[in-house]
Amino acid sequence: MSYLEDFLETISTLPAEMGRNFALMRELDQRSNDLMSSIEKASKQYLASIKKKKSGDKDAKIEEDEALLAQLKKDQETCMSYLDEKVDLAVQTYDIV
């Protein structure tokens, strides 16, 4: 094969690869946005619970707060992994071009 034929063969799959990468990035972006909104709501709930405890509310339960905090940490780690994967896809897409 000549250089031109190799080049044409290589770039023939470029649009499909880029489309796939962009679709995956959109999906990861949607997942991370959904998770971020969930994290924001849970964070507000956690902070409200802490404020209640500081004001002397006896009904506030420590176990629930600890479980909520653990879930928040887990969700943040998951969100960071989505964003890391998105950056990796962006770099891969850049390298393709």
Side-chain angles (χ1 to χ4, degrees):
M1 273 193 190
S2 71
Y3 175 76
L4 179 60
E5 289 172 339
D6 286 341
F7 176 74
L8 291 175
E9 186 177 317
T10 302
I11 65 167
S12 68
T13 61
L14 185 63
E17 288 179 49
M18 289 184 67
R20 182 185 64 83
N21 285 358
F22 286 133
L24 287 171
M25 282 190 270
R26 271 193 304 274
E27 182 183 329
L28 288 168
D29 198 34
Q30 183 62 46
R31 282 190 209 168
S32 64
N33 285 337
D34 292 345
L35 194 52
M36 286 296 286
S37 65
S38 171
I39 289 169
E40 186 177 345
K41 288 176 188 174
S43 295
K44 287 179 183 179
Q45 180 184 354
Y46 178 75
L47 291 174
S49 177
I50 296 299
K51 285 180 185 178
K52 280 184 183 180
K53 283 190 183 124
K54 282 195 166 200
S55 66
D57 186 0
K58 304 290 183 192
D59 294 334
K61 296 181 180 165
I62 294 174
E63 297 83 21
E64 290 176 6
D65 289 342
E66 289 174 353
L68 183 57
L69 185 59
Q71 185 62 42
L72 277 168
K73 287 179 182 179
K74 180 182 173 203
D75 288 348
Q76 286 176 335
E77 289 171 2
T78 302
C79 191
M80 286 302 295
S81 72
Y82 290 158
L83 296 175
D84 287 341
E85 190 174 342
K86 185 178 171 186
V87 168
D88 291 342
L89 275 170
V91 168
Q92 179 184 1
T93 303
Y94 177 80
D95 289 342
I96 289 172
V97 176

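Both backbone and side-chain heavy atoms feed into the values below; hydrogens, waters and symmetry mates do not.
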Next on the checklist: Check K73 with E77, please: is the shortest side-chain N to carboxylate O separation under 4.0 Å?
Outcome noted: no
Next on the checklist: Is there a continuous path of hydrophobic side-chain contacts, each under 4.5 Å between heavy atoms, that joins M25 to M18?
Outcome noted: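 Linked within one cluster.
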Next on the checklist: Under 4.5 Å between side-chain heavy atoms, counting indirect links through other Ile/Leu/Val/Met/Phe/Trp/Tyr residues: same cluster for V87 and L89 or not?
Outcome noted: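 Hydrophobic grouping puts V87 apart from L89.
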Checklist entry - Sequence neighbours excluded, which residues qualify as side-chain contact (heavy atoms from CB on, under 4.5 Å) partners of L4? => result S2, L8
For the residue pair [X] and [Y], establish whether any side-chain heavy-atom pair is separated by less than 4.5 Å.
X: K86; Y: L24; answer: no
X: L35; Y: I39; answer: yes
X: L83; Y: L28; answer: no
X: S43; Y: L72; answer: yes
X: C79; Y: M36; answer: yes

Checklist entry - Nearest 0.5 Å, what's the CZ-CZ distance between R31 and R26? => result 13.5 Å
Item to check | Q76 side, atom CD; S81 side, atom OG - distance, nearest 0.5 Å | outcome: 12.0 Å
Item to check | From CA spacing to verdict: salt bridge (charged side-chain N to carboxylate O under 4.0 Å, His left out), E40, K44 | outcome: CA-CA 6 Å; E40 186 177 345; K44 287 179 183 179; 3.6 Å; yes
Checklist entry - So, D75 versus Q71: side-chain donor-acceptor pair below 3.5 Å or not? => result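 A donor-acceptor contact under 3.5 Å links the two side chains.
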Next on the checklist: Checking side-chain polar atoms at under 3.5 Å, does Q30 have a donor or acceptor matched by the opposite partner on D34?
Outcome noted: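 Present: a donor and an acceptor within the cut-off.
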